[in-house]
Structures are given as C-alpha cells and as structure tokens.
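Structure first, commentary second.
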Amino acid sequence: MILYTSRIEEEVRQKVSLDPKDDLDQSLWKDAVIIGIPKPGKPRDLPASYRPISLLSSLGKLYEKILKSRLSDHLFKKGLIIDEQFGFRPQHSCPQQALRLVEYISEGFKRKHKTVAVFFDVAKAFDRVWHAGLIHKLYTLEVPDRLVLIIHKYISNRHFAFRHEHTISSKKILRAGVPQGSTLSPLLYSAYTNDIPRPKTGVQLALFADDTTLFLRSDSLNHIIPRLQRAINELTQWFQLWRIEVNSEKSAAIYFDFSNIKRTLAVPYNALRISNAPIPWQHNYKYLGITLDKHLHFRDHIQRVRKLAIFYMSRLSGMIGRKSKMSLLNKRTLYTMCIRPVMTYACPVLLTPPRLHSRPSAAASYEAPPENHFLRRPRNALSDPPDDLTAESDLSPSQSMLASPCVEAPTQRSTEPVPPLPASTDTWRELPCAAALCKCLVPNGPAIRALKN
C-alpha cells in the first residue's frame, strides 16, 4: 500500500510540475478565516465543542462556480459519476436516496425477508481528502489537463487563521482536504470517491456525498451477515488505501424485521466489524434527516419533527401570532419558509407502506372512514373519486396545490365571515404525518377544523 501511494504521488508530481504561465494569481483567494460555532450541550472550554466555519473570499467563490460548471459539464454529461451517488448532482436529492432504501426494505417486508443496513460515519471527510489521490482520480476520469492543473493549484498551498471575537491567530498551512464551504468541494469529493468498490454479491450501496450505506435483505440472517461482512472488508480496505477514516463507534447497523414482536436487543449477536472493531447495533438511526426504526413505523421521526416544528413556532410566535400586526402575506411567507418545510420534508418516504405482509389487502382496497373520523387516508386527487369532504371544494388540482393553509381571510377586505378551507386544498394536508403535527401544534386552529368532517 505504501508503494502504491508513493507511485501515485510521484505520478501526480510529474504531471503538475509545470504550471501554465497565464494562470490568475490565486494567492489572495486561498486564505480562509475560521470561526467556531459552539455545539449545543457541549462544554465551552474544549476545542472539540466548536464547529469550525470557514469564511472564504467572495472573488474566490465566483472563481469556484466557474470551475464547478466546467467540471460538472465533463462529469455529468458523460455520465462518469456512478449511479449510487445521489449527492450534489442534478435531479437527485436526500429524500430520493432515503426512499430507495425504504422501498428496498418494504419490498423485503412483503416477502417476509429481513434487511440489515450498515451506516458508516466518515470522520472529517472533506478535511482529509488526499490531494495527490484527488488529482490522480481526476486524470483517471479524463478531465482536461488544463482544468486539472487549475484545480490542483487552487487546492494547494491554502492557509487558514482562526478568529475568536476580535483576536486572529497566525496563518497555518493546509496540507490536505478541499475548501470548506466551497461550492466546488462536494463535486471534488464525489470524484474522489467515484471508484468506491460496488459489491457484486447482491449487497446494495447508497452514497450521498460522504454518507455511505451498505444494505442487504434475505430470509435469514445467516445468509445476510457473511455477504455483508465481505462487502465491509472490501470497503474498509478501500478506505485505508485512500486515507479515508471511518469512525466505528459512530457507525451503526440496523436489523429491519417485519415481525411485530418486541425485542429488547437490537440484534441477537454482534457479528459485523470494521477493522476488528464491532459495529454497534441500533434500534433507530437518523439517515439523511429521517429517523429510521427497525419496523419503519417512523414514530421517532414524527416525534422529533413535531418538537422541531413547535420550537420554530415558539420562536416565530411574536411575528405570526394573532397579536402581531404583520400582514397575512408576510405571515404566510414565514410559515412556508420556516415551518412547513420541517413538517413536509421527505413525506414520500413516510408514505411508503412497510407492513403490507400482515394485511396484503389493506392498501389494495379502501373503505371510507367514519364521518367523524379525524385522520383520513391520503387521497390521490387525480385517480380517487370525490368524497363528501372533497366535493365541497370547487378548486382544480393545480389551484389546490397553490392554496395556503395559513390564509384565514380573503385578499380583499370584507366584513363577511370567512369559511374554513376544505381539507383537499393542500397536498400536505392529505399526509397523515402533517395532519398529526397540525393536531399537536394548533388544536383548535382553522387547519384542524378543515380536516374534520
């Protein structure tokens, strides 16, 4: 391994030894000022209790956007980035990667299969990128030589200084890593990890920037564990070769079981290891902003989102409360920007039915709930026939999506009372998680009166 890394460093040194003469002077753009943001619940007297935030040059950021557009055109138009990588690429997002995992587990539930997923915690991924290895992989991806030389010059010989209040430390050199807070860094990291080994034994790989996950399903743990361990060993060797450190203590494994039997242990035994260190088994894990539990009930996720939404409402109560003199339009803007995204994030993932094995006809047939039932089945406005609740609305589907749940009065001033909006006027109201959150947040508000029949 040492001979291999030395050969890469020597190869890169020969290729980048002659810099172009017409390059811009980037010396002033490569200095960063670091400020520390204290982590919640951590002691303030320890350096590890602060999250470093890098402040970069404005001209340097414009320069990075130009480099990113050139590199993106080469990598994405030629399809060089692997399909398992969903991070920072067009038409890909966090909910889509999480939905891929949840649908895989749910499909296993239908077949009464078990699924084991291993979530790797990469320690300081962007800060420890090996420069010579990155340049080597850019040449492997056939990036134009001119662009590779510019990127190499931009990430090399960078300096930083730490600022605390009105005091600034002396400059220190950065010998590894890509610029923090840069728009170019995620794309460079995707290129750096593009040759990650993809298992060929049925084990699935999911990537979102530095979030790495392996998962496999089968009818028995005896079939899952050996194949998954071989994939972990192969991935661990690749991590060590390219100087990527994995924290085994913060990594986690979840045993997704379709059985409703409650067990005190997350898994019967410890069997998965990273570099001879055991991987802890967990009952739940926060993956890409979604708390996954072993039965895919999402109760922990909804409870966490509820607390976060209540926190934002309490902070904004002075501006969106009844006593506030702010206009309804501004209140609606605050709601749609700060509160509604928290409640509706990754809703397609929450709507994936995980327990179809126990009642296979529950999703195929639909019986209308009682007239006084609070929560209703999520309704498809394009295919489902209108019911008594939705027949009261004269809005088209396109107009319904644009309607707001916060509007309590018409746009023009009127003395007539305003009727409550029907439940079908917003797509988010049709989601059971959003309805449950509204019940917790505003027990007697207009949104709840509209959801009631």
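Keep in mind that what you see is a predicted model, and the values were worked out from it rather than measured.
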Determine whether a donor-acceptor pair (N or O, by modelled atom type, separation under 3.5 Å) exists between the side chain of S317 and the backbone of S314.
yes

Within the 6.0 Å centroid threshold, strictly below: Y189 and F88:
no

Could you tell me how the ring of F215 sits relative to the ring of Y104: parallel (under 30°), tilted (30 to 60°) or perpendicular (over 60°)?
perpendicular

For F256, is the NZ or CZ atom of R217 found under 6.0 angstrom from the centre of its six-membered ring and inside 45 degrees of the ring axis?
no

When you measure from the side chain of K294 to the backbone N and O of D257, does any donor-acceptor pair fall under 3.5 Å?
no

Please determine whether side chain to side chain contact (heavy atoms under 4.5 Å, CB included) holds for the pair S275 and Q240, giving the CA-CA distance in whole Å, both sets of side-chain angles, and the decisive distance to 0.1 Å.
CA-CA 10 Å; S275 301; Q240 294 176 352; 3.3 Å; yes

Using the side chain to side chain contact (heavy atoms under 4.5 Å, CB included) rule, pick out the option among I151, V178, I155 that qualifies with H131.
I155

Please give me the minimum heavy-atom distance between P348 and L99, naming the atom from each residue.
O-CD1, 3.8 Å

Distance, nearest 0.5 Å, that separates CD1 of I225 from OH of Y255:
9.5 Å

Sidechain-backbone polar pair: H74 side chain, L80 backbone, donor-acceptor under 3.5 Å:
no

Is there a side chain to side chain contact (heavy atoms under 4.5 Å, CB included) between T236 and I232 once you walk through the steps?
CA-CA 6 Å; T236 303; I232 293 175; 3.9 Å; yes

Q204 (side chain) donor-acceptor with L214 (main chain) under 3.5 angstrom:
no

What's the verdict on side chain to side chain contact (heavy atoms under 4.5 Å, CB included) for K30 and L174, showing C-alpha distance, side-chain angles and the deciding distance?
CA-CA 10 Å; K30 297 193 294 184; L174 292 170; over 6 Å; no

Pairwise distance NZ(K112) to NZ(K110) - rounded to 0.5 angstrom
14.5 Å

For side chain to side chain contact (heavy atoms under 4.5 Å, CB included), just list the numbers for I339 and M313, CA-CA rounded to whole Å, side-chain angles, deciding distance to a tenth of an Å, and then say yes or no.
CA-CA 7 Å; I339 300 176; M313 287 194 64; 3.5 Å; yes

Counting neighbours of CG on D73 that are heavy atoms of other residues, nucleotides or ligands and sit closer than 6.0 Å, is the number greater than 12?
yes

Is the NE2 atom of H159 crowded by more than 12 outside heavy atoms at less than 6.0 Å?
yes

For the residue pair W29 and Y63, categorise the inter-ring angle as parallel (less than 30°), tilted (30 to 60°) or perpendicular (more than 60°).
tilted

Who are the salt bridge (Lys or Arg N to Asp or Glu O under 4.0 Å) partners of K114, not counting sequence neighbours?
none

What's the verdict on side-chain hydrogen bond (donor to acceptor under 3.5 Å, both in side chains) for T213 and Q97, showing C-alpha distance, side-chain angles and the deciding distance?
CA-CA 10 Å; T213 306; Q97 186 67 285; over 6 Å; no

To the nearest 0.5 Å, what is the distance between OH (Y287) and CG (D211)?
6.5 Å

Can you see which heavy atom on L288 is nearest to which on F208, and at what distance?
CD2-CB, 3.9 Å

In short, S49 meets P43 closest at the heavy-atom pair OG-O, 2.6 Å

Nearest heavy-atom contact between R299 and D293 is N-OD2, 4.1 Å

Is it true that, when you exclude K42 itself, more than 12 heavy atoms of the residues, nucleotides or ligands shown sit nearer than 6.0 Å to its NZ?
no

Search all heavy atoms of V203 against all heavy atoms of R227 and return the closest pair with its distance.
CG2-O, 3.8 Å

Working to the nearest 0.5 Å, report the span between CG of L188 and CG of L134.
5.5 Å

Output, in order, the C-alpha distance, side-chain angles, deciding distance and verdict of side-chain hydrogen bond (donor to acceptor under 3.5 Å, both in side chains) for Q229 and N233.
CA-CA 6 Å; Q229 184 62 58; N233 294 338; 2.8 Å; yes

Under 6.0 Å from the CZ atom of F162, do we count more than 12 heavy atoms belonging to anything else shown?
yes

Knowing that exactly one of R158, H152, K153 qualifies, which makes a side chain to side chain contact (heavy atoms under 4.5 Å, CB included) with S156?
H152

Between CD1 on residue I66 and OG1 on residue T183, distance to nearest 0.5 Å:
10.5 Å

Nearest 0.5 angstrom please: I196 CD1 to E234 CD, how far?
9.5 Å

Between E64 and L56, what is the shortest heavy-atom contact and its length?
OE2-CD1, 4.1 Å

Against F298, only a single residue in T291, V305, L292 fulfils side chain to side chain contact (heavy atoms under 4.5 Å, CB included); can you say which?
L292

Quick check on R70: does its CZ atom have over 12 non-hydrogen neighbours (other residues, nucleotides or ligands) under 6.0 Å away?
no

